[in-house]
Protein chains: 2
Amino acid sequence: MKTREKLLLKAEILFSERGFYGTSINDVAAELTISKQGLLHHFPSKEKLYAAVLESAVTHLVENLKPNIEHELAPREQLLNLLNVLAAPDKRTHRVILLLMRELLDNKERSEHAHQWFLKPVLDHLEGLVKASQKQGHFQEIKPLAFIYQLLGAVQYFLISEPTLKKLYSAKTFKTLKKQHLLELERLITSAY
Amino acid sequence: MKTREKLLLKAEILFSERGFYGTSINDVAAELTISKQGLLHHFPSKEKLYAAVLESAVTHLVENLKPNIEHELAPREQLLNLLNVLAAPDKRTHRVILLLMRELLDNKERSEHAHQWFLKPVLDHLEGLVKASQKQGHFQEIKPLAFIYQLLGAVQYFLISEPTLKKLYSAKTFKTLKKQHLLELERLITSAY
DNA sequence: TTGACACCTTACCGATTGGTAGGTAGCCTG
DNA sequence: CAGGCTACCTACCAATCGGTAAGGTGTCAA
């Protein structure tokens, strides 16, 4: 892997764990045993590095979701697939979700970043999916976008709660809670169908 | 208002907007036109200040929810009330939710803070509420804790998404989306009842 | 009247922050 | 083999970080 990619990956990890202000470019570089100026050669400023991380993160997320939601599956199955990918994400996807959650919290201030436009297509696609399904007589009772946002919110909030919930409950209790939470969301989809 | 309270309030605002690392004690003090050392007189360290903010925030949240959920209302109405308080919170409650969301994201690292134990009673109460209701024949299909977490997650995630959604959609579209989102969650409760 | 305390100040500290300046070693191309 | 480009380096910078030391001022009780 090239140095630039290594930097991008390590920065993604640190930004997602500690946030923008909690991460110094020195930390990022040091973990790869290169100097801070080595990093600044590839990314001319911290902001630029962060922007690059965001972009690659969003790209990864979209690419990761695409095969599950843009396939020739029935809308109901696409939603169920989406849910399962988000509820039990691979490590990188997990990181990306945390990162974007932080960005959601921060971007009232540092609001220039474009990730929203990257994610909008996904949102649009899902909305269109449900709407199309409604024309065939399904999902009659729901408002598409609100419904989807409800799903995304519940599953992502649970994800960031995991460390705390693990401390709050026993490992076993947590595990069943996690399973039940996913089942509840699946039931939400199938019962609205 | 005493200086200490003013500091606590201002710190709550800044921590909720910029996070722990994004806020300096100098910023907090300067906004009240007192010196940094004036602040350090009341709170001996930044960590102590943050801990005090967290505690007062959690206390406020619990006190704010209590009258809505510990009243002599039927469980179903208590849940609906809770939802409405969280979905359209007053400014301070809004801030507190953002703050605790950040804490949820951060506490894998800086994990000593006790807010989880403060919030657990609320969680327990809600869970007990649903369980009691189940014994009377309601909410038969759901797992109480998972169901509640689903509600809390959806409503809080929507809250932190608001600035981004406002940019993504027109003011009018956003407003109806917000209303629909709340209605969906209310429908979720009433249909599960 | 004295002294203890709460509440604040200025002055200062070492460490760390993001970033600049200026170099150097290796490689590719003319 | 000359020149330029990529990919780093050391050295340095001003600004800001959280925090200490020491002192001033007002209030209030002994």
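To find a chain, count down the sequence lines: A is the first, B the second, and so on, and within it residues start at 1. Because the structure is a prediction, the values reported are computed rather than measured.
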Rounded to whole Å, CG of A:Asp27 lies from C1' of C:dT16 at a distance of 10 Å
Check: B:Ile160 and B:Ile97 side chains under 4.5 Å, non-hydrogen atoms: no
Could you give the CG-to-P distance, from A:Leu39 to D:dA7, as a whole number of Å? 13 Å
Atom-pair distance (NZ on A:Lys6; P on D:dC8), nearest Å: 9 Å
May I ask you to evaluate whether A:His41 reaches the phosphate of D:dA7, defined as a side-chain N or O under 4.0 Å from OP1 or OP2? yes
For the pair made of CZ in B:Phe20 and C1' in D:dC17, what is the distance, rounded to whole Å? 11 Å
So, is B:Ser45 close to the D:dG18 phosphate, meaning a side-chain N or O under 4.0 Å from OP1 or OP2? no
Would you kindly give the CG-to-P distance between B:Asn26 and C:dT10, to the nearest whole Å? 12 Å
N-O pairing of A:Glu12 and A:Arg95 below 4.0 Å: yes
Nearest-nucleotide check on DNA chain C, B:Thr33 vs B:Lys36; residue mapping nearer the 5' end is B:Thr33
Find the distance A:Lys46:NZ to D:dA15:P and express it as a whole number of Å. 19 Å
Looking only at the aromatic ring of each residue, does the gap between the centers of B:Tyr149 and A:Tyr157 stay below 6.0 angstrom? yes
Would you confirm whether the ring centroid of A:Phe174 sits within less than 6.0 angstrom of the ring centroid of A:Tyr169? no
Identify whether any heavy atom of B:Leu40 sits under 4.0 Å from a base atom; if not, whether one sits that close to sugar-phosphate; answer base, sugar-phosphate or nothing. base
Rounded interatomic separation in angstrom, taking OH from B:Tyr21 and P from C:dT16: 14 Å
Specify the residue among A:Gln37 and A:His42 whose closest nucleotide of DNA chain D lies further upstream toward the 5′ end. A:His42
Spacing of A:Tyr50 atom OH relative to C:dG19 atom C1', expressed in whole Å: 20 Å
Distance test, side-chain N/O of B:Ser35 to OP1/OP2 of C:dC8, below 4.0 Å: no
Taking the cut-offs as 6.0 angstrom to the six-membered ring centre and 45 degrees off its axis, would you call B:Lys46 and B:Phe20 a cation-pi pair? yes
